Amino acid sequence: MILVTGGLGYLGSHTCVALQRAGLSLLVVDNLANSRIAVLERMRALGGGEVEFVQADVRDRAALDAAMRGRRIEAVMHFAGLKAVGESVARPLEYYDNNLTGTLVLLQAMAAAGVHALVFSSSATVYGEPAFLPYTEEHPLNPVSPYAVTKRGVERLLEDLAAADARFRYAALRYFNPIGAHPSGRIGEDPRGIPGNLFPYLTQVAVGRLDQLTVHGREYDTPDGTGVRDYIHVMDLADGHLAALRHLLEARGSITANLGTGRGTSVLELIAAFERVTGLRVPHAFGPRRDGDIASYYADARLAERALGWRASRGIEDMCRDAWAWQSANPSGYPD
Ligand code: NAD
Ligand code: UDP
């Protein structure tokens, strides 16, 4: 059985479907801070496997001990945490507590229960301002926001733990920009409030929940002047987790790897692709740059391919089509 923390969230829920379809049974721990319980039945139906659920906070050691007791947990996938870069600047205490303390308590509970394998949700934000592109895993690390510092802090903790305990092994996966949804349109990204990220904002404009998209900056040093990112289909990301889990369960050692496609797409290219796929128009206007934004970054994705045998197979149009399947069928997101 695999313990999945934050398994009802955007990335966790899609990964839970992929894990079930690979025949794994799951124990999901989530405190519902940023997700809805309606996800659970939908991901069970899509995955067709066994998913137990415990509503608990990963900072609650007693709850984790109780959840693991009597179950044979082979490995943990740790998605639980807070993820908004801007919010982390305003609320650092919450970010350090959820992301650092949460992981520390989880690792302590794992050690006590004799569980020694962890897949961790890290982020490309650990690299900071690009010294060169694409970012390889050897790129200098310069996390800037409290959020990015918590991600790098956990990576460091995992390195130290693996050095101290030969049984412990981890995969720290540095995600680039996951977007899209399960192709069924049954599960997808459902941010609370006004979305801070480009793609959920775009799909909410398309479905009529928001009036128009603001493109932040048009004079970057990029081919069309708008920001460039490495968007990766959420189901490719889910498959990457399965590959990382196999790597750990086959005792091939710890790894820190980018999960991206290796390709950059600008804001205007993404809008154009979405319009092409859906036949809709996405009203947009140009606004000033967003504070702290980097013009362009994308992954060198070769390590994951070499070491995990995984590479992204879905393109930008797949991401647009599947996200629209979700957003159009669920214009207000999940029911309460
Ligand atoms: P999400 O908010 O949709 O999912 C996180 C889940 O964890 C939610 O269901 C939430 O209720 C739960 N959670 C939060 N704090 C918790 C706690 N203390 N105890 C128990 N449950 C808790 O976010 P997501 O997009 O699915 O991201 C998952 C992970 O991937 C996060 O760690 C995030 O930092 C990381 N990540 C995400 C992105 C992205 O673009 N989505 C990029 C890089 C890294
Ligand atoms: N962006 C935009 N309008 C928005 C949100 C984002 O133009 O409403 C741009 C942003 O400047 C960046 C890209 O879209 O160039 C991706 O931003 P997002 O917040 O989705 O991801 P991140 O910046 O965290 O990689």
Side-chain angles (χ1 to χ4, degrees), residues 4-16 28-37 39-40 54-60 63-64 77-86 88 94-95 97-103 105-106 119-126 145 147-148 150-151 154 172-179 188-192 194-202 204-205 210 212-218 220 222 225-232 234 237-238 241 259-260 264-268 270-271 284-298:
V4 185
T5 76
L8 298 190
Y10 172 44
L11 306 179
S13 58
H14 289 78
T15 303
C16 282
V28 168
V29 172
D30 198 300
N31 67 357
L32 296 173
N34 196 37
S35 48
R36 295 184 199 274
I37 195 67
V39 179
L40 185 60
V54 173
Q55 183 175 348
D57 195 297
V58 289
R59 293 164 294 180
D60 181 345
L64 291 182
M77 287 208 183
H78 181 35
F79 293 95
L82 303 181
K83 64 164 179 174
V85 173
S88 79
E94 284 173 46
Y95 274 71
D97 192 31
N98 270 277
N99 295 3
L100 278 184
T101 312
T103 307
V105 173
L106 174 66
V119 180
F120 172 63
S121 299
S122 190
S123 157
T125 58
V126 298
S145 66
Y147 169 76
T150 66
K151 291 297 178 189
V154 169
L173 303 178
R174 293 176 176 161
Y175 309 158
F176 281 69
N177 288 56
I179 62 171
E189 186 170 14
D190 181 21
R192 299 208 170 164
I194 308 272
N197 293 111
L198 173 64
F199 203 58
Y201 201 107
L202 187 159
Q204 290 195 15
V205 170
L210 296 166
Q212 79 169 8
L213 175 70
T214 303
V215 178
H216 298 315
R218 66 186 307 182
Y220 281 114
T222 61
T226 65
V228 168
R229 295 290 183 272
D230 184 341
Y231 297 98
I232 171 173
V234 64
L237 188 103
H241 284 70
L259 287 191
T265 301
S266 75
V267 177
L268 291 180
L270 189 59
I271 297 172
H284 58 277
F286 292 95
R289 292 181 181 198
R290 193 171 61 176
D291 253 8
D293 256 359
I294 290 171
S296 172
Y297 66 83
Y298 43 95

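Atoms within each ligand, like the ligands themselves, are counted from 1 in listed order. Since the structure is predicted, the reported quantities are computational estimates derived from the model, not experimental observations. Nothing fancy with the numbering, it's 1 onward along the sequence.
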Would S266 and T222 count as a side-chain contact (heavy atoms from CB on, under 4.5 Å) here? Give the steps. CA-CA 8 Å; S266 75; T222 61; 5.6 Å; no
Identity of the nearest option to atom 9 (C) of ligand 2, non-hydrogen atoms only, from I194, V267, T222: V267
Element-labelled atoms of ligand 2 that are located less than 4.0 Å from some non-hydrogen atom of V215: 7 (O)
Can you find a heavy atom in the side chain of K83 that is under 4.5 Å from one in the side chain of N34? yes
Answer whether the closest heavy-atom distance between the side chains of H284 and L268 falls below 4.5 Å. yes
Taking the side chain as every heavy atom from C-beta outward, state whether N177 and L198 have any pair of such atoms under 4.5 Å apart. no
Can you tell me which portion of V85 lies within the under-4.0 Å heavy-atom range of ligand 2? Options are side chain, backbone, both, or neither. neither
Note: heavy atom closest to atom 19 (O) of ligand 2, options Q212, R218, R290, belongs to R290
Is there a polar contact between ligand 2 and L198, counting only N or O atoms under 3.5 Å apart? yes
Looking only at heavy atoms, is any part of L32 under 4.0 Å from ligand 1, and if so is it the side chain, the backbone, or both, or is it neither? backbone
Stepwise side-chain contact (heavy atoms from CB on, under 4.5 Å) test for I271 and L213: CA-CA 10 Å; I271 297 172; L213 175 70; 3.6 Å; yes
Kindly confirm or rule out an N or O of V58 lying under 3.5 angstrom from an N or O of ligand 1. yes
Note: H216, heavy atoms under 4.0 Å from ligand 2, region reported as both
Looking only at protein heavy atoms, identify the closest one to atom 10 (C) of ligand 2 and say how far it is in Å. D293 OD2, 3.4 Å
Apply side-chain contact (heavy atoms from CB on, under 4.5 Å) to the pair V58 and V105, showing each step before the final yes or no. CA-CA 7 Å; V58 289; V105 173; over 6 Å; no
Are the side chains of P191 and N197 in touch, meaning some heavy atoms are under 4.5 Å apart? no
Do R229 and Y298 come close enough that some side-chain heavy atom pair is under 4.5 Å? no
Answer yes or no: does an N/O atom from Y147 fall short of 3.5 Å to an N/O atom of ligand 1? yes
Nearest candidate to atom 35 (C) of ligand 1, where distance is taken over non-hydrogen atoms, out of G6, P200, S121: S121
Student check: side-chain heavy atoms of L237 and L11 closer than 4.5 Å: yes
Compute the minimum heavy-atom distance from G102 to ligand 1 and say whether it is under 4.0 Å. no
Quick one: nearest non-hydrogen protein atom to atom 28 (C) of ligand 1, plus distance? F79 O, 3.4 Å
Looking only at protein heavy atoms, which one is nearest to atom 25 (O) of ligand 2, and what is the separation? R229 NE, 2.7 Å
Can you sort out which atoms of ligand 2 are near T214, meaning under 4.0 Å from one of its heavy atoms? 2 (C), 3 (N), 4 (C), 7 (O), 8 (O)
A student checking ligand 1 against S35 at a 4.0 Å heavy-atom cut-off should list atoms 8 (C), 9 (O), 11 (O)
T150 and its side chain to side chain donor-acceptor pair (under 3.5 Å) partner, picked from T103, T101, T125, N99: N99
Find all atoms of ligand 2 within a distance of less than 4.0 Å from any non-hydrogen atom belonging to N177, and give their numbers and elements. 21 (O), 22 (P), 25 (O)
Atoms of ligand 2, numbered as shown, that sit under 4.0 Å from any heavy atom of G196: 5 (C), 19 (O)
Heavy atom of Y231 under 4.0 Å from ligand 2? yes
Give the intermediate values and the outcome of side-chain contact (heavy atoms from CB on, under 4.5 Å) for residues S123 and Y147. CA-CA 9 Å; S123 157; Y147 169 76; 3.8 Å; yes
My understanding is that we take every heavy atom of each candidate and find the minimum distance to atom 21 (N) of ligand 1. Doing that for N34, L237, N31, which one comes out nearest? N31
Consider ligand 1: state whether an atom of it lies below 4.0 angstrom from any non-hydrogen atom of K151. yes
Evaluate A80 for polar contact with ligand 1, using N/O atom pairs at a separation under 3.5 Å. no
For atom 18 (P) of ligand 2, grab the closest protein heavy atom and report residue, atom and distance to one decimal in Å. N197 ND2, 3.4 Å
So is G7 close enough to ligand 1, meaning a heavy atom under 4.0 angstrom away? no
Here the atoms of ligand 2 under 4.0 Å from any heavy atom belonging to G227 are 15 (O)
With a 4.5 Å heavy-atom cut-off, do L40 and D30 have their side chains touching? no
List every atom of ligand 1 that sits less than 4.0 Å from any heavy atom of S122, numbering the atoms from 1 in the order shown and giving each element. 43 (C), 44 (C)
Quick one: which of L173, L11, V4, L64 has a heavy atom closest to atom 41 (N) of ligand 1? L11
Can you tell me which portion of A56 lies within the under-4.0 Å heavy-atom range of ligand 1? Options are side chain, backbone, both, or neither. backbone
Element-labelled atoms of ligand 1 that are located less than 4.0 Å from some non-hydrogen atom of G9: 3 (O), 4 (O), 8 (C), 9 (O), 26 (O)
Is it true that T5 lies under 4.0 Å from ligand 1, counting heavy atoms only? no
So, does D57 sit close enough to ligand 1 that a heavy atom of it is under 4.0 Å from the ligand? yes
Pairs of nitrogen or oxygen atoms closer than 3.5 Å, one from D30 and one from ligand 1: do any exist? yes
For ligand 2, note which part of F176 has a heavy atom under 4.0 Å away: side chain, backbone, both or neither. neither
Considering V85, V54, N98 one by one, which has a heavy atom nearer to atom 18 (N) of ligand 1 than any of the others? N98
Would one find an N or O of Y201, backbone or side chain, under 3.5 Å from an N or O of ligand 2? no
Measure the shortest side-chain to side-chain distance between Y201 and I194 over non-hydrogen atoms and say whether it is less than 4.5 angstrom. yes
Is the Y175 ring parallel, tilted or perpendicular to the F79 ring (thresholds 30°, 60°)? tilted
Tell me whether the count of non-hydrogen atoms from other residues, nucleotides or ligands lying under 6.0 Å of CZ in R59 goes above 12. yes
Contact (N/O only, under 3.5 Å) between V29 and ligand 1: no
Taking the non-hydrogen atoms of Y297, is any one of them nearer than 4.0 angstrom to ligand 2? yes
To atom 39 (C) of ligand 1, the nearest of P178, P191, G12 on a heavy-atom basis is P178
Ligand 1 atoms nearer than 4.0 angstrom to some heavy atom of L8 are 9 (O)
